[in-house]
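Reviewing the structure listed below.
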Number of protein chains: 2
Amino acid sequence: MESSSARSGGSTRREATRQKLYEAAVTLIAEQGFSATTVDEIAERAGVAKGTVYYNFASKSVLFEELLRHGVGLLTASLKEAAEQTARRGGTKVDALDAMVRAGLVFIDRYPAFTQLYVAELWRTNRAWQSTLMVVRREAVAVVEGVLREGVAAGEFSDEIDVQLTAAALVGMVLVAALDWKSFQPERSLDDVHAALSRLLQGRVSGRV
Amino acid sequence: MESSSARSGGSTRREATRQKLYEAAVTLIAEQGFSATTVDEIAERAGVAKGTVYYNFASKSVLFEELLRHGVGLLTASLKEAAEQTARRGGTKVDALDAMVRAGLVFIDRYPAFTQLYVAELWRTNRAWQSTLMVVRREAVAVVEGVLREGVAAGEFSDEIDVQLTAAALVGMVLVAALDWKSFQPERSLDDVHAALSRLLQGRVSGRV
DNA sequence: AGTTTTGTACTGACCAGTCAGTGCAAATCG
DNA sequence: CGATTTGCACTGACTGGTCAGTACAAAACT
């Protein structure tokens with residue numbers, strides 16, 4: 001009954017084409033923006049005929065939306081994994097936050113173009129994929145908010161903190177620092193960057209410990 | 001010798017038109033991005049003919065570049081002012097950082113569209129105004145870096161902090177938190193948001209004080 | 001044998017930038 | 001004084017090019 005080549009869903013060939021298109025689109029759109037990137041360019045960089053793009057995706061915007069969903073899905077999974085692993089090992093909530101900072105850095109290190117593109121589109125309004133982006137953002141930030149809330153409940157964090165705003169600020173801290181790293185001092189190591197952010201996170205900038 | 005009608009520089013009329021064009025362009029580009037915004041739209045929103053745009057600016061990109069310079073100039077000045085005022089009053093460097101956080105929030109509160117657009121374009125590569133943006137960014141971040149460096153020199157901050165990266169992270173923290181505030185909970189007061197960020201800045205989230 | 005990809009050619013909407021011309025107020029002229 | 005010129009600011013129809021999306025027959029995969 002079962003086919004020998006394990007196929008879960010679509011054919012492998014088609015999946016490979018879609019993957020190539022994602023990769024081509026992500027770098028081009030990160031560099032130039034959505035509107036300035038042409039479908040011809042995407043097809044060419046993917047090494048594929050233009051018709052193939054439209055055989056695989058209903059339109060340019062749909063391609064982009066699926067790309068967004070795909071990418072943020074990876075990030076969210078990675079953040080969750082980091083938080084859960086820390087919990088399993090009996091770490092504190094600060095440890096969990098720190099692990100998530102690292103997971104964020106690893107993600108950005110691996111997919112800098114996606115991150116760039118995500119930031120560039122996130123606060124736009126009046127765009128077709130706005131709602132998709134909103135949903136997907138909530139999922140990611142919610143992971144951070146969850147850890148903060150648990151920390152408050154456990155008495156590890158002050159109950160005066162504003163969970164939502166603090167989560168956004170933490171995400172912003174990592175995002176901007178990492179993009180800066182990649183853009184302006186790419187020779188530095190991930191550990192190095194992580195150490196700097198850890199210090200800031202734990203208030204060891206101003207305070208003597 | 002001197003003319004009776006004291007006119008310093010350009011005519012008032014022209015200046016007013018340029019201002020209208022700036023205002024129209026900033027909101028449209030923040031919403032849709034540079035490439036997706038047409039010159040016709042900008043002209044229409046400014047209540048001006050298309051030709052007038054080209055009478056006042058050499059091209060669409062030039063209009064945008066001057067807009068960027070103009071906006072970041074305002075921000076930089078405001079940050080400097082905050083730092084200097086704190087110094088004059090004999091505040092600590094943490095106080096100065098805090099004052100700059102507030103200045104940043106005030107700026108974003110007043111010019112949310114500009115901030116949006118700035119973030120969206122900052123990490124793009126291969127764009128015409130890339131170099132302009134780079135210069136202008138350095139100026140703004142340099143103000144924060146300056147305060148951090150002085151703090152280290154004065155022994156107020158650990159000399160192990162990475163000035164450049166920490167500055168970027170702080171800017172990111174304020175930027176993203178503020179955009180989140182404006183986008184998702186605009187009813188909150190500036191003081192409220194400032195308080196949350198202050199707490200984070202001073203490590204009063206996790207640390208017992 | 002059905003699915004996927006290719007290559008080429010095409011369409012029609014859209015858009016940055018141009019240009020000949022208008023309106024108007026101050027300056028110059030006769 | 002009235003008539004004419006000058007220069008600035010602005011206008012909006014027009015042009016030349018670009019690009020998303022379509023069409024389709026032949027080829028390549030699985």
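What's counted below: heavy atoms across the whole structure, side chains too, no hydrogens, waters or symmetry copies. Throughout, protein chains are lettered first and strands after them, A, B, ... in sequence-line order, and every chain is numbered starting at 1. Note that the coordinates shown come from a computational prediction; the quantities given were computed from them, not determined experimentally.
With sequence neighbours excluded, no residue forms a side-chain hydrogen bond (donor to acceptor under 3.5 Å, both in side chains) with B:Gln130. Shown here are the side chain to side chain contact (heavy atoms under 4.5 Å, CB included) partners of B:Glu23, two or more places apart in sequence or in another chain: B:Gln19. Every residue meeting the side chain to side chain contact (heavy atoms under 4.5 Å, CB included) condition with B:Val143, not counting sequence neighbours, appears here in chain and number order: B:Thr76, B:Leu79, B:Lys80, B:Met100. Partners of A:Tyr111 by side chain to side chain contact (heavy atoms under 4.5 Å, CB included), not counting sequence neighbours, listed by chain and number: A:Leu74, A:Phe107, A:Phe114.
Among residues at least two apart or in separate chains, side chain to side chain donor-acceptor pair (under 3.5 Å) pairs with a member in residues 96-105 of chain A are A:Asp98-A:His194, A:Asp98-A:Ser198, A:Arg102-A:Asp191, A:Arg102-A:His194.
Contact annotation: B:Arg14 side-chain N/O to D:dA9 OP1/OP2 distance is under 4.0 Å. Close to D:dT30, at under 4.0 Å from its OP1 or OP2, lies no side-chain N or O of A:Thr12. Using a 4.0 Å cut-off, some side-chain N or O of B:Asn56 falls inside it from OP1 or OP2 of D:dC10.
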Requested in this report: If a protein heavy atom is under 4.0 Å from the base, mark B; if only from the sugar-phosphate, S; if neither, -; do that for nucleotides 18-24 of chain D going 5' to 3'.
Outcome: -SBBB--

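The distance between atom CZ of B:Arg18 and atom P of D:dA9, rounded to the nearest whole Å, is 11 Å. Between the P atom of D:dA9 and the CG atom of B:Leu21 lies a distance of 14 Å, rounded to the nearest Å.
Atom CD of B:Gln116 and atom CD of B:Glu121 lie 11.5 Å apart (nearest 0.5 Å).
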Let me have the donor-acceptor pairs involving side chains of residues 42-49 of chain B, under 3.5 Å, with sequence neighbours excluded, atom names and distances please.
unit_1  : atom_1 : unit_2  : atom_2 : d
B:Arg45 : NH1    : B:Thr27 : OG1    : 3.0

Taking distance alone, no hydrogens or angles, what donor-acceptor pairs closer than 3.5 Å link side-chain atoms of residues 170-180 of chain B to residues at least two apart or in another chain?
unit_1   : atom_1 : unit_2   : atom_2 : d
B:Asp180 : OD1    : A:Arg137 : NH1    : 2.7

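Think of the region where chain B sits on DNA chain C: with heavy atoms and a 4.0 Å cut, that region ends 5' and 3' at C:dC15 to C:dT18.
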